[in-house]
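Structure record follows, encoded as structure tokens.
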Amino acid sequence: MATAALILANRSYLDHEAPRGAPEPSSAANGGLLAAVRPAIAPWDGVNGTTWIGAGRGPFDREWVDAAGFELIPSVRGPVCHRRLFFDDAAWAGHYGAVANCFLWPLLHLVRAPLPERTGYYPVPAIPTPEEWAQYVFVNQQFADAGAAQSQPTAWIHDYQLALAPEMLRKAGFPGRIGYFLHTPFFNLRVASRYLHGEGERYLTEVVSGMLGAHLVGFQSNSDAERFRAAAVQLCGAEVEESALRFAGRKVAIGTYPVGVEVDEILAIAKDARTPPGLAAVVESGLPLVVGLERADFTKGIPERLRAVAAAYRNGARFAYVGVAAPTRAGVKAYSALAGAIEAASLDAQAAATAAGLPFVQSQAVIPWAEVIGLQRRADVVFTSSLADGLNLVPIQAAIAQSTKPLSERAVIITGRDAGVAHAFSGFESDGLVPVDPLDSAAMTATLLHALRGQPGRVSDRLVAAICEHDALAWATRFLTDLERTC
């Protein structure tokens with residue numbers, strides 16, 4: 001199997017939330033990027049293995065590293081050589097808060113529709129100030145310089161926070177292979193262009209040019225790859241060469257690599273699934289259980305889903321609903337309108353449930369990973385509704401958790417049509433993975449009502465087998481093997 005030699009990611013393998021000597025050491029998070037990349041880690045033996053470079057944002061990170069920011073972090077696959085880069089608050093606010101999360105994140109998810117106008121809460125991408133953009137450039141350059149200082153054969157750069165790093169790493173003289181993977185969707189330039197006033201288009205051109213510095217650029221879906229090719233041609237003057245691009249005298253390979261999950265880990269947890277104690281009464285009500293779990297992000301279509309739940313209650317459907325949205329990116333201005341939209345939709349759904357005498361819970365909280373899997377396993381309908389998503393691992397996690405139940409008792413999983421999972425598993429609509437347009441309120445309600453009846457089909461062994469075949473290890477191996485072949 002191919003293993004990752006040098007990983008550059010905005011976030012670290014783990015944040016030290018506890019000081020040295022604490023009885024409970026910090027553990028790696030379960031975020032999508034970390035969960036996907038973890039199987040490709042090779043143990044560090046002092047000379048060879050994986051080196052991970054990430055930002056030091058944990059409150060006790062400096063206690064654990066040497067003068068150059070290095071430490072060895074234990075993992076189930078052996079030690080990881082880890083370097084942390086530390087940034088002051090101004091640099092981080094410009095890089096992460098302003099550019100990455102107020103400009104690029106909302107822009108990248110504009111794959112089909114002008115969502116700010118269509119939803120009323122989705123933020124207009126905020127064009128960074130020159131000072132904010134300079135901080136984004138600075139942080140990317142620090143990552144590139146740190147990567148260039150390592151004598152590794154392969155560098156694998158991850159996600160939109162480090163979009164400039166591939167070109168910078170190349171210019172810094174890194175002699176090895178450079179791979180870049182975008183975990184988010186890639187924007188539709190026709191839609192995005194209406195928000196690119198002032199310097200916006202120039203900044204976006206630099207992002208695309210930066211990504212083109214890699215030998216291989218990977219995406220979650222064919223649609224994302226095609227939109228990237230179109231943007232590279234229009235913004236940067238790249239030329240299409242079969243499925244690749246020619247830019248600055250080089251051939252840049254473009255590929256599609258939908259992310260997977262660690263199946264065995266989910267199965268192990270699902271077999272001893274736990275229900276969150278505060279939700280036991282709802283889960284054990286004897287009614288069909290509809291579950292919605294995700295981060296409280298404006299890309300997830302949470303108000304649209306709650307409106308469909310309210311309409312289904314008023315349509316006479318009898319079910320219990322549990323929605324848990326984990327807080328995310330506290331203090332980022334782009335999220336200011338979302339809380340109000342969720343609250344309004346939640347209050348309406350609560351009123352509809354109360355009138356029908358049915359249980360309804362919508363909360364903002366972080367619940368343990370085992371309880372997330374437990375709810376996914378217990379559900380009769382897993383209702384995700386992303387307006388757009390890189391992949392959205394929740395549906396495939398839920399399908400694996402559901403596979404521990406008899407076929408006749410399994411759930412129907414609903415997913416947004418513009419989530420990468422809907423493209424990666426196209427053709428499985430009768431196997432328990434049903435795409436729907438979250439912006440079509442009638443379709444959302446109808447899809448939920450059908451799912452409560454087990455239509456058009458529950459999670460099948462065919463879907464589970466496909467997910468197992470394309471797990472996280474297969475994803476990483478495919479990307480890194482293609483990167484080796486490209487070079």
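Numbers here simply count residues along the sequence, with the first being 1. Because the structure is a prediction, the values reported are computed rather than measured.
When side chains are defined from C-beta on, Y160 does not count as touching M211, because their heavy atoms never get closer than 4.5 Å. Contact of the Y203 side chain with the L104 side chain is not registered, since no non-hydrogen atoms from C-beta on lie closer than 4.5 Å.
The residues R246 and E239 are annotated as not salt-bridged, no charged nitrogen and carboxylate oxygen being separated by less than 4.0 angstrom. A salt bridge is absent between R170 and E167: the closest approach of a Lys/Arg side-chain nitrogen to an acidic carboxylate oxygen does not fall below 4.0 angstrom. At a threshold of 4.0 Å, the pair E71-R62 does not count as salt-bridged, since none of the basic side-chain nitrogens sits closer than that to a carboxylate oxygen. Note on R84 versus D66: no salt bridge recorded, every NZ/NE/NH1/NH2 to OD/OE distance being 4.0 Å or above. Between D431 and R458 there is no salt bridge, since no side-chain N of the basic residue sits under 4.0 Å from a carboxylate O of the acidic one. Using a cutoff of 4.0 Å between basic side-chain nitrogens and carboxylate oxygens, D224 and R229 are not scored as salt-bridged. Using a 4.0 Å cut-off between charged side-chain N and carboxylate O, D15 and R57 make no salt bridge. Classification of E469 and R462 as a salt-bridged pair fails, no side-chain N sitting under 4.0 Å from a carboxylate O.
In summary, the side chains of R38 and S75 do not present any donor paired with an acceptor at a separation below 3.5 Å, with no hydrogens or angles considered. No hydrogens or angles considered: a donor-acceptor pair under 3.5 Å links the side chains of R377 and T404. A side-chain N or O of D482 and one of Y257 form a donor-acceptor pair less than 3.5 Å apart. No donor-acceptor contact under 3.5 angstrom links the side chains of S193 and E201, judged on distance only. When only modelled atom types and interatomic distance are considered, D145 and Q141 share a side-chain donor-acceptor pair under 3.5 Å.
A distance-only check finds a donor-acceptor pair linking the side chain of E132 to the backbone of T129 [under 3.5 Å]. For R410 (side chain) and K405 (main-chain N/O), a donor-acceptor pair under 3.5 Å exists by modelled atom type. Remark: side-chain polar atoms of N48 are not paired, donor with acceptor, to backbone N or O of P43 under 3.5 angstrom. Using a distance-only test at 3.5 Å, with no hydrogens or angles considered, no donor-acceptor pair links the side chain of S221 to the main chain of G420. A distance-only check finds a donor-acceptor pair linking the side chain of Q402 to the backbone of A411 [under 3.5 Å]. Q220 places a side-chain N or O within donor-acceptor distance of the main-chain N or O of V259, the cut-off being under 3.5 Å. Here the side chain of D159 pairs a donor or acceptor atom with the backbone of H183 at under 3.5 angstrom. No donor-acceptor pair under 3.5 Å is formed between the side chain of N188 and the backbone N or O of R112.
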Practice prompt. Could you go through the side chain to side chain contact (heavy atoms under 4.5 Å, CB included) check for R295 and K300 one step at a time?
Written response: CA-CA 8 Å; R295 292 182 301 109; K300 298 298 184 181; 4.3 Å; yes
Worksheet item: Do H95 and V99 pass the side chain to side chain contact (heavy atoms under 4.5 Å, CB included) test, and can you show the C-alpha distance, the side-chain angles, and the key distance before you say yes or no?
Response: CA-CA 5 Å; H95 160 75; V99 178; 6.0 Å; no
Discussion item. For a side chain to side chain contact (heavy atoms under 4.5 Å, CB included) check, start with the C-alpha distance between E63 and H16, then their side-chain angles and the critical distance, and finish with the verdict.
Written reply: CA-CA 9 Å; E63 292 187 15; H16 287 294; over 6 Å; no
Worksheet entry | Full working for side chain to side chain contact (heavy atoms under 4.5 Å, CB included) between Q376 and V394 | CA-CA 9 Å; Q376 290 174 345; V394 171; 3.6 Å; yes
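With a 6.0 Å cutoff to the six-membered ring centre and a 45° limit on the axis angle, R20 counts as a cation-pi contact of W64.
A pairwise comparison of heavy atoms in L463 and A399 identifies CD2-CB, 4.2 Å as the closest pair. In plain terms, the two heavy atoms of V111 and P185 that are nearest each other are CG1-CB, 3.7 Å. Closest non-hydrogen pair, A296 versus A325, comes out as CB-CB, 3.8 Å. Of all heavy-atom pairs between P395 and I413, the closest is O-CD1, 3.4 Å. Counting all heavy atoms, side chain and backbone alike, S243 lies closest to I254 at O-CB, 3.6 Å. Among all heavy-atom pairs drawn from L107 and A192, the shortest one is CD1-CB, 3.8 Å.
The aromatic ring centroids of Y13 and H82 lie 6.0 Å or more from each other. When ring centroids are compared, W475 and F181 come within the 6.0 Å threshold. Aromatic rings of W156 and Y180 (six-membered ring for Trp) have centroids beyond the 6.0 Å cut-off, not under it.
For T299, the side chain to side chain contact (heavy atoms under 4.5 Å, CB included) criterion is met by W105, H109, Y122, D297, not counting sequence neighbours. Qualifying ring-ring contact (aromatic ring centres under 6.0 Å, His included) partners for Y335, counting only residues two or more places apart in sequence or in other chains: F298.
In this structure, F219 and F186 have perpendicular ring planes: the angle between them is above 60°, well past the 30° mark. Below 30°, between 30° and 60°, or above 60°: for F425 and F428 the angle between ring planes is above 60°, a perpendicular geometry.
R190 CZ: 12 or fewer foreign heavy atoms inside a 6.0 Å radius. Other residues, nucleotides and ligands contribute at most 12 non-hydrogen atoms within 6.0 Å of the CD atom of Q234.
A side chain to side chain contact (heavy atoms under 4.5 Å, CB included) with T415 is found for exactly one of T384, V436, D389, namely T384.
For the atom pair CD1 of I373 and CD1 of I269, the computed distance is 5.5 Å after rounding to the nearest 0.5 Å.
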